[in-house]
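Positions are given from 1, in the same order as the sequence printed here. Just so it is clear, the values below take in all heavy atoms, side chains as well, and ignore hydrogens, waters and symmetry mates.
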Amino acid sequence: SPNKDGRNDFLKPILPENINGFEFNVYNRFGQLVFKSNNPMQGWDGNMHGTRQAESIYIWTCSYRADGKPVQHQKGTVIVTR
């Protein structure tokens, strides 16, 4: 619910410490990339280029490497409500 109430305003993965090679992507139901970040501290706020995205289901992917471990790939869905 990215509605600026201070609760659940950003979507970002919970990661182990000491990571590198991070990439986080969010796609709409049509497969269009609406958010991309290589900064593990940056999350998606429900906007694309400053435009509020529709209430819908979005797909996210996350890839990262923890120190001394192979690359991890995770994916899931999130429902945006306001």
Side-chain angles (χ1 to χ4, degrees):
S1 63
N3 58 5
K4 298 184 182 178
D5 67 355
R7 296 185 343 215
N8 299 318
D9 288 334
F10 293 92
L11 173 68
K12 64 181 181 178
I14 298 172
L15 300 166
E17 294 182 24
N18 302 321
I19 65 152
N20 54 52
F22 173 82
E23 185 174 293
F24 179 56
N25 300 311
V26 180
Y27 302 88
N28 65 18
R29 63 189 176 127
F30 305 108
Q32 180 184 20
L33 181 66
V34 297
F35 178 79
K36 180 176 185 168
S37 178
N38 296 105
N39 178 351
M41 302 306 291
Q42 182 182 17
W44 181 51
D45 65 357
N47 293 304
M48 182 173 119
H49 306 298
T51 301
R52 193 169 151 169
Q53 296 300 287
E55 290 186 349
S56 187
I57 297 173
Y58 293 82
I59 297 99
W60 60 265
T61 63
C62 180
S63 298
Y64 63 91
R65 180 188 303 270
D67 284 347
K69 300 201 176 175
V71 174
Q72 300 293 309
H73 302 282
Q74 298 178 353
K75 61 184 173 180
T77 58
V78 62
I79 299 171
V80 172
T81 61
R82 300 187 197 275

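When every heavy atom of Cys62 is checked against every heavy atom of Leu15, the shortest pair comes out as SG-CD2, 4.1 Å. Contact record, Leu33 with Met48: O-SD, 3.8 Å, taken as the closest heavy-atom pair. In this structure, Met41 and Lys12 approach most closely via the heavy-atom pair O-NZ, 3.5 Å.
For Thr51, the side chain to side chain contact (heavy atoms under 4.5 Å, CB included) partners at least two apart in sequence or on another chain are Gln53. The side-chain hydrogen bond (donor to acceptor under 3.5 Å, both in side chains) test applied to Glu55 returns no partner, not counting sequence neighbours. Listed by chain and residue number, nothing satisfies the ring-ring contact (aromatic ring centres under 6.0 Å, His included) test with Phe22 (two or more places apart in sequence, or in another chain). Remark: Asn47 pairs with Asp45 by the side-chain hydrogen bond (donor to acceptor under 3.5 Å, both in side chains) rule, at least two apart or across chains. By the side-chain hydrogen bond (donor to acceptor under 3.5 Å, both in side chains) test, Gln72 pairs with no residue at all, sequence neighbours left out. By the side chain to side chain contact (heavy atoms under 4.5 Å, CB included) test, Ile14 is found to be paired with no residue, residues two or more places apart in sequence or in another chain being considered. Listed by chain and number, the residues in a side chain to side chain contact (heavy atoms under 4.5 Å, CB included) with Asn20 are Arg65, Asp67 (sequence neighbours excluded). Here Glu17 pairs with nothing under the side chain to side chain contact (heavy atoms under 4.5 Å, CB included) rule; sequence neighbours left out. The side-chain hydrogen bond (donor to acceptor under 3.5 Å, both in side chains) check on Ser37 picks up Gln42, with sequence neighbours excluded.
Identified under the ring-ring contact (aromatic ring centres under 6.0 Å, His included) test for residues 60-82, with sequence neighbours left out: none.
With side-chain heavy atoms closer than 4.5 Å counting as contact, directly or through intermediates, the hydrophobic cluster containing Ile79 also holds Ile57. Hydrophobic cluster of Phe30: no remaining members, since no ILVMFWY side chain lies below 4.5 Å from it.
Only one option out of Phe24, Tyr58, Phe10 pairs with Trp44 in a ring-ring contact (aromatic ring centres under 6.0 Å, His included); it is Tyr58.
No single ILVMFWY cluster, assembled from side-chain heavy atoms under 4.5 Å apart, contains both Val80 and Ile59.
Here NZ of Lys75 is found 9.5 Å from OG1 of Thr61. Values are rounded to the nearest 0.5 Å.
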